[in-house]
Amino acid sequence: MSTLSIRDLDLSGKRVFIRVDFNVPLAPGGEITSDKRIRASLPTIRYALDKGAGVILASHLGRPKGKPIPELSLRPVSLRLAELLGRPVEMAPDCVGPAVEAMLPAVGEVLLLENLRFHAEEEKNDPAFSKQLARLCDVYVNDAFGSAHRAHSSTVGMIAYVKQAAAGLLMEKEIEYLTKAVKNPARPCVAILGGAKVSDKIDVIQNLMKVVDKLMIGGAMAYTFLRARGEGTGKSLVEEDKIDLARELMAEAGSKLMLPVDHVVAAELKAGAESKVVDKVPDGLMGLDIGPKTIAAYEQVISGAKTVIWNGPMGVFETPPFDRGTVALAKAVAASGAVSVVGGGDSEKAIKSAGVADKISHISTGGGASLEFLAGIELPGVAALEVSRK
Ligand code: AMP
């Protein structure tokens, strides 16, 4: 099954409701610290305006828990969006109700609704609330991939009450890259998984091991696996209650699963801490990055790959010198020429600090959503678009 694209819709003279992800990071004073998510939605908004639509934008921001919280108003976003678009953006006082219905946009106009989560009904996927949202528009577009793993009124419920529903340009790109990587990848297809916890990524490991030719593990996650294999791990982070599971995953994956063969260790985690490279982590020290032999082995696998899926850093990359493994692999992925799909904020940061972001095919905008996708879980927001196409 597939979804309709905004490019399949006739938008001329229509009022289009675009669910965007404007859940931007805010400084304590309310200043937007990164407008990346606003910029990511611009192609879809511009497309709708160019095709002669009036545009209603809707998003959540933070966790207001069903009550209006002035600090979580989307008003600062409306100002930033107006600057980026180079045209006025009206700010609605709410997201549903008569006051909003009185200010619906004409062709060429943009209206930003107030934070959807000021109403508890949004996260409950409440049918009456979904209907209230749906009556604002002629057609519905979902461009909020980062919220597609949530079955809320604005991502799922309202689709049942609109005439047509489609994926926006960003959503479409996310689905395309992730689907191809997981369902029909160019081979060899390899995955790099890192980060803090095995427990966060069990489903991803299980699903990817069916798909990929090699699965390279790094980060603190690796130590639970090494312990399951009977190796000493010193003071490294180990999830004691996941050791048996790690053993089962290793047995299932067989030779596909690659674990670090050396480590950068230190007595404590701090910038510039005295560190050394070891094959086995001794008592009293902790593994904080993959070592040079591991980097070389992983680089070799990456250089021969046609598809690379990456989620999670190989070490404590925020704290040099423990960023070397992650940065080296970011460069290797960029140099490989493979189709590369990267998810998770940390991997993205590593790729940017390695200066290779422009050589990555697709950096996913949705951390949680992309992990669920890689785990083979159907995303409700995507499924609802597919169903509406029938
Ligand atoms: P995640 O959110 O699961 O992708 O985990 C990312 C976090 O894992 C980052 O903050 C890293 O600093 C941390 N991390 C990666 N490797 C290690 C390690 N060897 N020891 C402790 N923390 C680690």
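Every number for a ligand or one of its atoms is a count from 1 in the order of the listing. All values below come from the heavy atoms of this structure, side chains included, with hydrogens, waters and symmetry mates left out. Start at 1 with the first residue, then count along the sequence.
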Is the backbone of Leu61 close enough, under 3.5 Å, to the side chain of Asn115 for a donor and an acceptor to pair up by distance? yes

Contact with ligand 1 for Lys201, non-hydrogen, under 4.0 angstrom: yes

Could you identify the single nearest non-hydrogen protein atom to atom 17 (C) of ligand 1 and state the distance to 0.1 Å? Ala220 N, 3.3 Å

Which one holds for Asp346 and ligand 1: side chain close, backbone close, both close, or neither close, with close meaning a heavy atom under 4.0 Å? side chain

Enumerate, atom names and distances included, each donor-acceptor pair closer than 3.5 Å involving a side-chain atom of residues 88-114, sequence neighbours excluded.
unit_1	atom_1	unit_2	atom_2	d
Asp94	OD1	His119	NE2	2.7
Asp94	OD2	His119	NE2	3.4
Glu101	OE1	Arg135	NH2	2.9
Glu101	OE2	Arg135	NE	3.1
Glu109	OE1	Ala106	N	2.9
Glu114	OE1	Leu74	N	2.8
Glu114	OE2	Ser73	OG	2.7

From atom 14 (N) of ligand 1, work out which of Gly315, Gly312, Gly218 has a heavy atom at the shortest distance. Gly315

Atom 22 (N) of ligand 1: nearest protein contact (heavy atom, Å): Val316 CG2, 3.5 Å

For Gly195, the ligand 1 atoms whose distance to one of its heavy atoms is below 4.0 Å: 1 (P), 3 (O), 4 (O), 5 (O), 6 (C), 8 (O)

Looking just at side-chain N and O atoms, do Ser154 and Glu122 make a donor-acceptor pair shorter than 3.5 Å? yes

Side-chain donor/acceptor pairs under 3.5 Å, residues 162-171, sequence neighbours excluded:
none

Should Ala196 be counted as touching ligand 1, given the test is an N or O pair under 3.5 Å? yes

How about Arg187: does its CZ atom have over 12 heavy atoms from other parts shown lying under 6.0 Å from it? yes

Is the closest side-chain donor-acceptor distance between Arg227 and Thr233 under 3.5 Å? yes

Look at atom 19 (N) of ligand 1 and say which protein heavy atom is nearest, naming residue and atom and giving the distance to 0.1 Å. Gly287 O, 3.0 Å

Does the side chain of Thr365 come under 3.5 Å of the side chain of Arg37 through a donor N or O and an acceptor N or O? no

Proximity of Glu318 to ligand 1 by residue part, where a heavy atom lies under 4.0 Å: side chain

